[in-house]
Amino acid sequence: MKKIIPAVALGSIMAIQLHAAEDKNFNYHVDNFADIEVLRYEVPGFNNLTLNQKKMLYYLSQAAQAGRDIIWDQNGRYNLHLRRILENIYTGFKGDRESADWKAFDRYMKQVWFGNGIHHHYSNDKFTPGFSRQFFAEQAALIPDADLPLEAGESRQDFMAMMEKVVFDPSFMAKKVNQDGSQDVILSSAGNLYDGNVTQAEVEAYYNAMKDPADETPISYGLNSRVAKVDGKVVEQVYHLNGLYGPAIAKIIYWLDMAKGVAENDAQKAYITKLIDFYVTGDLRTFDEYSILWAEDTASDVDFVNGFIESYNDPLGMTGSWESYVNFKNHESSERTHAISSNAQWFEDHSPINPAYRKPEVKGVSAKAITASYLAGDAFPATAIGINLPNANWIRAAHGSKSVTLENITEAYAMASIGNGFNEEFVIDEPTSKLLDEWLYITDMLHTDLHECLGHASGRLAPGVDPDALKENGSTLEEARADLFALYYLPDAKLQEIGVLSNPDAYKAEYYKYMLNGLMTQLNRIEPGKDVEEAHMRNRQLIAAWVLDHGKKDKVVELVKKGGKTYVKINDYKKMRDLIGQLLAEIQRIKSEGDYEAGNALVQKYAVKVDPKLHKEVLDRYSKLDIPPYRGFINPVYNVVRDADGEITDITLDYTETYPEQMLRLSREHSNL
């Protein structure tokens, strides 16, 4: 469960010391196109690791790259075919690179790379090509038949006709994930987690027949499978070594086995072994066993996630998208997260929710700040800044969870945002801007810590409640629950008591930023006339709009005009905290009771629709600033140093690769499907 960094990017956050950059001249900026900026992140401390730790990070980075094709195929059934065609055109183009068609093609290629397919990673909308159909046809005609992924008996003409439809028909595969509960969310979603023939009702009936409401350790049904209809019968096509995605999984297993050979301890070796077993069998009980072992290993410095994890790309919130994070512990910053996690029971006991939905005993909550060293799959190029796993509610309750804050990723975002003029354009006055400059960095980090470490780990379901009861709203409401938990506790004196925050008013920086983002500035990520679609954006708007509405009588928060522009004004921060507590209590009740109707009503009223007049104003004001709505990263390149006998003597990191160079290299070296 993740918190994606908000759209807000502040101008002068250097009042809080950023300590990641070992190279003061490190260049974070890589590329800029459409609504996206590509950055690079530094991996401070890598050179101080032991050789075995470096080897393990290298092997895990290879395991991460090995699964790249999986996420592309999960995102759309034609993505891998189209990527091959587009990259052939991109590398073989001999024409005028100043022409409008080429510039539009270059932009489209970069968008497809960033989205791991033909849909935007956040809006889920299909990319619109700016080049002509004639340009595409002429360039594709130059590709030899041998370089086209033609099926047996398929003609080149039929194949290219389908590829042209994929690229140019705006109504075909229009949205990757549709969360509109008034439609069949499976048939109206273009993702490849279902075969296009099976309906939402059939899938729900298929899994409901498997579920046992009395099971206290329920399987995460559908997590690692594609649901299809074969000969009129609904079946699962399971992802495992001898099943779907087998060739890529074989490579993942190979590199995981290499990593196991340099494991830091027996506990780490045990969970890597169990993960390999899961990839071999596809057995979800084995995945649960792996998840428990992984959550309980808090001693290892090197850590990773590799597998079918988050379900945001499934309209029903069941199937996990393939992803990988590779990292090692940041010991200095982990003192902050340890202080929070070690007080997990206090936070749970004082939560403003119904005591029946609190955990009477919080088990195994651990947290650490990490240095990311490789991102892959659904975590690349766009990534989270915090992770809390495992996702299974019963494992959290019985065995605990592990939370991480990706400190160097957060710092890369921050360093790349210095001096961008955001505060001057959107913050209501100089005192508030100064408050943000001084305190937003640390309070935003604490918000991430609280969201991941305690928010997702808090609360419990009532007996017999289906974890999937909230359906297409599940991700939005879960993220809202975790955000509200974090927001509620940021003003609490407990944070000063445990030594993670020195100023009792510092929380106001995060409160202001959150309301500004949820009510206004994240609208920069949405095209005119569109609704809010992505779960994290829906979550933020839901909270901000609900607080605005329910605090209207007392003018707790207002949208005010100043010089013809709209600004957020918070008049009573304490009452705002009270409102946050009320909403947290209601959303926890909705989740605990599986109240789909109440959850859907909240989402539809507050999280989806956009005020077109305010939207236009935000877009116009952003257009004056050089701030892309979305950002993501390329990875450093691992260079292996060997002696005359071929033994690894060192591993170094290279940060000079460009965005196209990295994407083309990944396709050359890691096309496993």
Side-chain angles (χ1 to χ4, degrees), residues 17-30 38-65 255-256 258-265 268 272 297-306 324-338 368-376 379-381 383 385 387 404-416 445 633-659 661-662 665-666 669:
Q17 184 181 5
L18 299 177
H19 50 75
E22 294 180 340
D23 178 359
K24 300 306 179 185
N25 297 314
F26 189 83
N27 183 10
Y28 293 92
H29 302 278
V30 179
V38 179
L39 306 173
R40 59 173 57 90
Y41 61 91
E42 193 178 21
V43 187
F46 182 87
N47 293 334
N48 299 326
L49 298 174
T50 67
L51 179 57
N52 268 2
Q53 286 175 321
K54 289 181 179 180
K55 285 182 179 180
M56 188 170 190
L57 291 170
Y58 167 68
Y59 297 146
L60 292 172
S61 76
Q62 294 297 302
Q65 294 172 84
W255 288 109
L256 289 178
M258 294 290 288
K260 186 175 72 171
V262 290
E264 294 183 79
N265 50 55
Q268 190 175 65
I272 295 175
D297 174 26
T298 58
S300 302
D301 278 348
V302 174
D303 205 351
F304 71 101
V305 172
N306 186 301
S324 184
Y325 293 85
V326 182
N327 60 82
F328 56 93
K329 189 173 184 178
N330 180 327
H331 285 273
E332 179 183 354
S333 295
S334 291
E335 294 178 7
R336 180 190 74 240
T337 56
H338 176 71
K368 60 184 176 180
I370 63 170
T371 298
S373 63
Y374 211 86
L375 311 167
F380 171 79
T383 182
I385 57 171
I387 309 165
V404 297
T405 301
L406 284 71
E407 191 116 344
N408 61 325
I409 296 296
T410 302
E411 293 188 352
Y413 277 123
M415 294 295 289
M445 295 285 281
F633 294 89
I634 59 171
N635 288 303
V637 178
Y638 282 71
N639 290 325
V640 179
V641 180
R642 299 180 186 272
D643 62 18
D645 297 322
E647 294 297 318
I648 296 177
T649 58
D650 196 12
I651 295 171
T652 62
L653 299 181
D654 177 16
Y655 299 102
T656 61
E657 196 169 37
T658 69
Y659 177 57
E661 285 172 346
Q662 182 155 124
R665 176 180 58 79
L666 289 173
E669 298 177 1

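Computed from heavy atoms alone, side chains included, the values below leave out hydrogens, waters and symmetry copies.
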Worksheet entry | Criterion side-chain contact (heavy atoms from CB on, under 4.5 Å) on N327 and L406, from CA distance to verdict | CA-CA 9 Å; N327 60 82; L406 284 71; over 6 Å; no
I want to check something: taking the side chain as every heavy atom from C-beta on, are [X] and [Y] in contact at a cut-off of under 4.5 Å?
X	Y	result
E407	R336	yes
T405	I385	no
L49	L57	yes
P636	D654	no
I634	P381	no
Q662	V30	no
K55	L51	yes
W255	Y58	yes

Worksheet item: side chain to side chain donor-acceptor pair (under 3.5 Å) between Y638 and T652: does it pass, once the steps are laid out?
Response: CA-CA 6 Å; Y638 282 71; T652 62; over 6 Å; no
Worksheet item: Got a sec, which residues hit side chain to side chain contact (heavy atoms under 4.5 Å, CB included) with H331, two or more places apart in sequence or on another chain?
Response: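 Side chain to side chain contact (heavy atoms under 4.5 Å, CB included) check on H331 returns D301, K329.
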Worksheet item: For N265, which residues count as a side chain to side chain contact (heavy atoms under 4.5 Å, CB included) partner, sequence neighbours excluded?
Response: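 N265 satisfies side chain to side chain contact (heavy atoms under 4.5 Å, CB included) with A267, Q268, D297, A299, S300 only.
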Within this structure, what is the [atom1]-[atom2] distance for the pair [X] and [Y], rounded to the nearest 0.5 Å?
X	Y	atom1	atom2	result
N408	N330	CG	CG	8.5 Å
M56	E264	CE	CD	6.5 Å
E42	F26	CD	CZ	5.0 Å

With sequence neighbours left out, what residues match [X] under salt bridge (charged side-chain N to carboxylate O under 4.0 Å, His left out)?
X	result
K260	D257
E335	none
D303	K368, K402
E661	none

Please check if the side chain of [X] supplies one atom and the backbone of [Y] the other of a donor-acceptor pair under 3.5 Å.
X	Y	value
R40	N27	yes
Q65	A376	no
T337	S334	yes

Item to complete: Would you mind telling me which of L60, I387, N306, I370 makes a side chain to side chain contact (heavy atoms under 4.5 Å, CB included) with Y325?
Response: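 Of the listed options, the one satisfying the test is I387.
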Discussion item. Quick one, I409 with T383, criterion side-chain contact (heavy atoms from CB on, under 4.5 Å). Give me CA distance, side-chain angles, the key distance, then yes/no.
Written reply: CA-CA 9 Å; I409 296 296; T383 182; 3.8 Å; yes
Residues two or more places apart in sequence or in another chain: which of them pass ring pair (Phe, Tyr, Trp, His ring centres under 6.0 Å) with [X]?
X	answer
F328	none
F633	Y41, Y413
F304	Y271

Worksheet item: By side chain to side chain donor-acceptor pair (under 3.5 Å), which residues pair with S324, not counting sequence neighbours?
Response: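 Checked S324 against side chain to side chain donor-acceptor pair (under 3.5 Å); zero matches.
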Worksheet entry | Partners passing side chain to side chain donor-acceptor pair (under 3.5 Å) against T50 (at least two apart in sequence or in another chain) |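 Result, side chain to side chain donor-acceptor pair (under 3.5 Å) vs T50: Q53.
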Fill in: Minimal non-hydrogen separation, L39 against A412, with atom names
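Closest pair (atom of L39, atom of A412, distance): CD1-O, 4.3 Å.
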Discussion item. Quick check: closest heavy atoms across A372 and V43, and the distance to 0.1 Å?
Written reply: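 Closest approach of A372 to V43, heavy atoms only: O-CG2, 3.7 Å.
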Show the atom names and distances, to 0.1 Å, of all donor-acceptor pairs under 3.5 Å that link a side chain in residues 644-651 to residues at least two apart or in another chain.
| residue | atom | partner | partner atom | Å |
| --- | --- | --- | --- | --- |
| T649 | OG1 | V641 | O | 3.3 |
| D650 | OD1 | K54 | NZ | 3.0 |

